Undergrad: 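Sharing a structure here in structure tokens format.
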Protein chains: 2
Amino acid sequence: MATIRDVAKEAEVSVATVSRVLNSNGYVNEDTRKKVLAAIQALNYTPNSVARSLYKKSSKTIGLIVPDIKNPFFPELARAVEDVLNKNNYTLILCNSDEKAGKEKEYIEVLKQKYVDGFIIVTSTLTASDVDGLNVPIISLDRIFESNVPIIASKNYEGARKATRYLIDIGCKKIAHIRGPLHISTADDRCFGYYDEMESNGMLEETLIANGSYDIKKTTEVTKELLLNNPDVDGIFAGNDVMAVGVLKAAEQTGRVVPDDLAVIGFDGIYLCEVTSPQLSTIAQPIYEMGYRAAETLINLIEGRFEKSQGSYSFDVQLIERQSTKRK
Amino acid sequence: MATIRDVAKEAEVSVATVSRVLNSNGYVNEDTRKKVLAAIQALNYTPNSVARSLYKKSSKTIGLIVPDIKNPFFPELARAVEDVLNKNNYTLILCNSDEKAGKEKEYIEVLKQKYVDGFIIVTSTLTASDVDGLNVPIISLDRIFESNVPIIASKNYEGARKATRYLIDIGCKKIAHIRGPLHISTADDRCFGYYDEMESNGMLEETLIANGSYDIKKTTEVTKELLLNNPDVDGIFAGNDVMAVGVLKAAEQTGRVVPDDLAVIGFDGIYLCEVTSPQLSTIAQPIYEMGYRAAETLINLIEGRFEKSQGSYSFDVQLIERQSTKRK
DNA sequence: ATGAAAGCGCTAACAG
DNA sequence: CTGTTAGCGCTTTCAT
């Protein structure tokens with residue numbers, strides 16, 4: 001591997017000059033510039049980013065920490081982030097935290113030593129104090145974070161109200177909610193939205209809310225139990241699309257026909273919805289856009305560009321009607 | 001951020017000594033060791049990996065290049081890789097190539113400048129010459145690579161024969177194959193397996209093979225066309241599970257009942273199979289194990305450990321019967 | 001057992 | 001416009 005020194009020698013100039021043409025930085029005579037370029041060509045030289053990082057204290061790299069890339073919500077997010085980074089000559093480090101604060105902190109520690117320039121993190125376990133000392137820009141994606149880091153998310157509460165309202169509109173009389181894990185802001189907000197909408201329609205009953213998890217099988221079990229205790233439930237708002245699949249399975253296993261006996265709606269808008277049968281109605285978030293915006297915001301922060309409105313943003317969500325709620 | 005110099009000063013020793021205790025390398029008096037450790041504690045010092053990388057020409061980082069993390073096959077692979085890396089104190093850089101040789105080469109170039117220690121790559125466009133000069137260990141995952149890099153994959157050809165054989169066994173008389181993209185070794189091998197099994201049963205007709213792509217909608221179209229031209233097809237072996245979903249949709253749209261009018265089987269064994277209705281039969285690969293083994297092999301290579309049998313490995317696949325082939 | 005110093009490859013004052 | 005040089009923070013001979 002040729003170094004900047006080799007190039008300098010080949011071009012009969014100093015390393016400073018080579019560095020200048022490399023970074024189009026400072027004045028350099030057109031002729032010497034050409035000589036340097038030729039030398040670079042001749043030696044097939046490419047600058048060493050590690051050396052540059054050491055000096056610059058920046059690695060043109062960002063860390064994305066998600067709970068688990070296998071959850072179908074995250075690949076699309078990750079892809080969007082990677083696309084933006086790629087376009088801006090950054091590189092993506094992917095970390096799976098399994099929602100464990102320990103892993104998250106360790107990753108942050110390790111990556112900081114690598115001069116990572118920023119983080120995008122989907123977390124419900126980290127707190128402001130974990131992040132305050134951190135001298136690196138950080139963005140919270142998809143989840144509320146009690147601190148002043150920018151938050152890129154979407155309107156979970158409003159979306160949940162919309163979903164519930166919609167089930168009411170199509171004629172459901174007894175609507176249950178299988179909520180996502182406790183203490184995950186997204187799940188909490190959706191639960192609140194459901195709660196408030198139900199209450200303001202005088203339809204609320206505490207037993208209609210069940211605690212699910214982002215696991216199809218577990219959600220199926222939970223749903224079956226709920227249906228056992230409340231056989232006349234005729235509509236279910238699931239905490240997300242993956243959970244909605246679990247609900248669909250529960251319906252099938254208890255001999256209910258969706259949507260006629262039981263209308264089902266999810267949340268997120270992942271492609272999974274179009275694959276099930278019946279296809280799932282859902283409250284769709286603009287997932288790719290969320291990842292895209294998070295990455296753009298982070299890069300703006302890193303590069304010290306002006307950030308309007310603190311950088312936080314909340315995306316609108318959209319009701320998508322499919323077979324799982326279309327009653328004839 | 002404290003540096004090794006600060007620690008040295010605090011402990012009243014030289015930086016060399018600090019480095020020694022940091023790396024448990026060379027002799028160091030127990031007492032001075034304690035002093036150094038205390039200083040490290042006191043200053044809350046953590047070594048800077050970039051500086052270390054510069055000297056060592058290694059970053060404890062590997063690059064994983066996949067076509068598109070949104071394709072549900074890859075997240076599980078990526079997760080397995082990350083798990084192994086994490087356990088071995090490596091870090092994962094994720095790259096999406098969209099099957100474009102240009103992007104792959106560029107990523108390799110960029111990452112080499114970062115002293116990435118190795119690559120795991122899922123590619124059908126790179127060739128031996130792209131990789132020969134490369135002075136970094138590399139593993140080809142899931143795809144055949146014409147060169148002497150280790151290949152971690154599974155038995156696509158045998159699996160395809162098994163799938164075809166199975167459709168014959170359950171009584172299908174006219175079996176079609178919607179194959180994956182041309183020049184992707186996985187898709188080619190599966191097509192060959194189908195071809196050979198059909199031929200050896202005297203059932204082969206060239207018109208029963210259609211060119212699909214890893215896109216549900218396109219596969220649906222292709223399948224509908226094939227069914228139009230061959231209305232009496234009663235079994236389809238799809239190039240992978242995603243494509244099988246497309247086939248399921250085509251069946252639905254043309255008024256065919258799966259499995260009674262048309263038996264369908266996929267390949268891969270992603271979780272999607274259990275979500276469709278009817279649930280999809282498939283030839284399952286041990287996806288997680290594949291990623292796991294690829295990562296382990298790579299780390300062995302990087303750390304110069306003895307590699308039995310060149311490192312290549314081909315996993316067995318397993319027929320999983322579900323509703324899409326279960327005729328009453 | 002410990003320290004001094006060279007150097008990994010690059011950038012940015014500072015001089016000229 | 002160009003060169004010299006001092007680091008960035010760490011590891012590793014080579015002395016002692």
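Convention: sequence-line order gives letters A, B, ...; per-chain numbering from 1. Fair warning: this is a prediction, and the values are worked out from it, not measured in the lab.
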Undergrad: Taking atom P of C:dG3 as reference, at what distance in whole Å does atom NZ of B:Lys9 sit?
TA: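 Computing the B:Lys9:NZ to C:dG3:P distance gives 14 Å.
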
Undergrad: Going by heavy atoms closer than 4.0 Å, what residues in residues 18-26 of chain A are next to DNA chain C?
TA: A:Ser19, A:Arg20, A:Asn23, A:Asn25

Undergrad: Between A:Tyr313 and A:Phe315, how do the two ring planes meet: parallel, tilted or perpendicular, split at 30° and 60°?
TA: perpendicular

Undergrad: Decide whether B:Arg143 and B:Ser185 meet the rule of one side-chain donor and one side-chain acceptor closer than 3.5 Å.
TA: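 The answer is no; no qualifying pair exists.
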
Undergrad: Taking for each residue the nucleotide of DNA chain C with the nearest heavy atom, is it A:Ile4 or B:Asn29 whose nucleotide lies nearer the 5' end?
TA: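 This one resolves to B:Asn29.
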
Undergrad: Per the end-axis method with five pairs at each terminus, what is the bend angle of the helix from C:dA1-D:dT16 to C:dG16-D:dC1, to 10°?
TA: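 Rounded to the nearest 10 degrees, the bend comes out at 40°.
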
Undergrad: Do any side-chain nitrogens or oxygens of A:Lys57 fall under 4.0 Å of OP1 or OP2 in C:dT11?
TA: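 Checking A:Lys57 against C:dT11: no side-chain N or O falls below 4.0 Å of OP1 or OP2.
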
Undergrad: So does A:Arg5 pair up with A:Glu10, basic N to acidic O under 4.0 Å?
TA: no

Undergrad: Roughly, in whole Å, what's the span from OH in A:Tyr55 to C1' in C:dG7?
TA: 18 Å

Undergrad: Under 4.0 Å between a side-chain nitrogen and a carboxylate oxygen: does that hold for A:Lys60 and A:Asp117?
TA: no

Undergrad: Ignoring the backbone of A:Ser14, work out which of D:dT4, D:dG9, C:dG3 is nearest its side chain.
TA: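 Of D:dT4, D:dG9, C:dG3, D:dT4 is nearest to the side chain of A:Ser14.
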
Undergrad: If you compare every side-chain N and O of A:Tyr27 against the phosphate oxygens of D:dG3 (OP1, OP2), does one of them come in below 4.0 Å?
TA: no

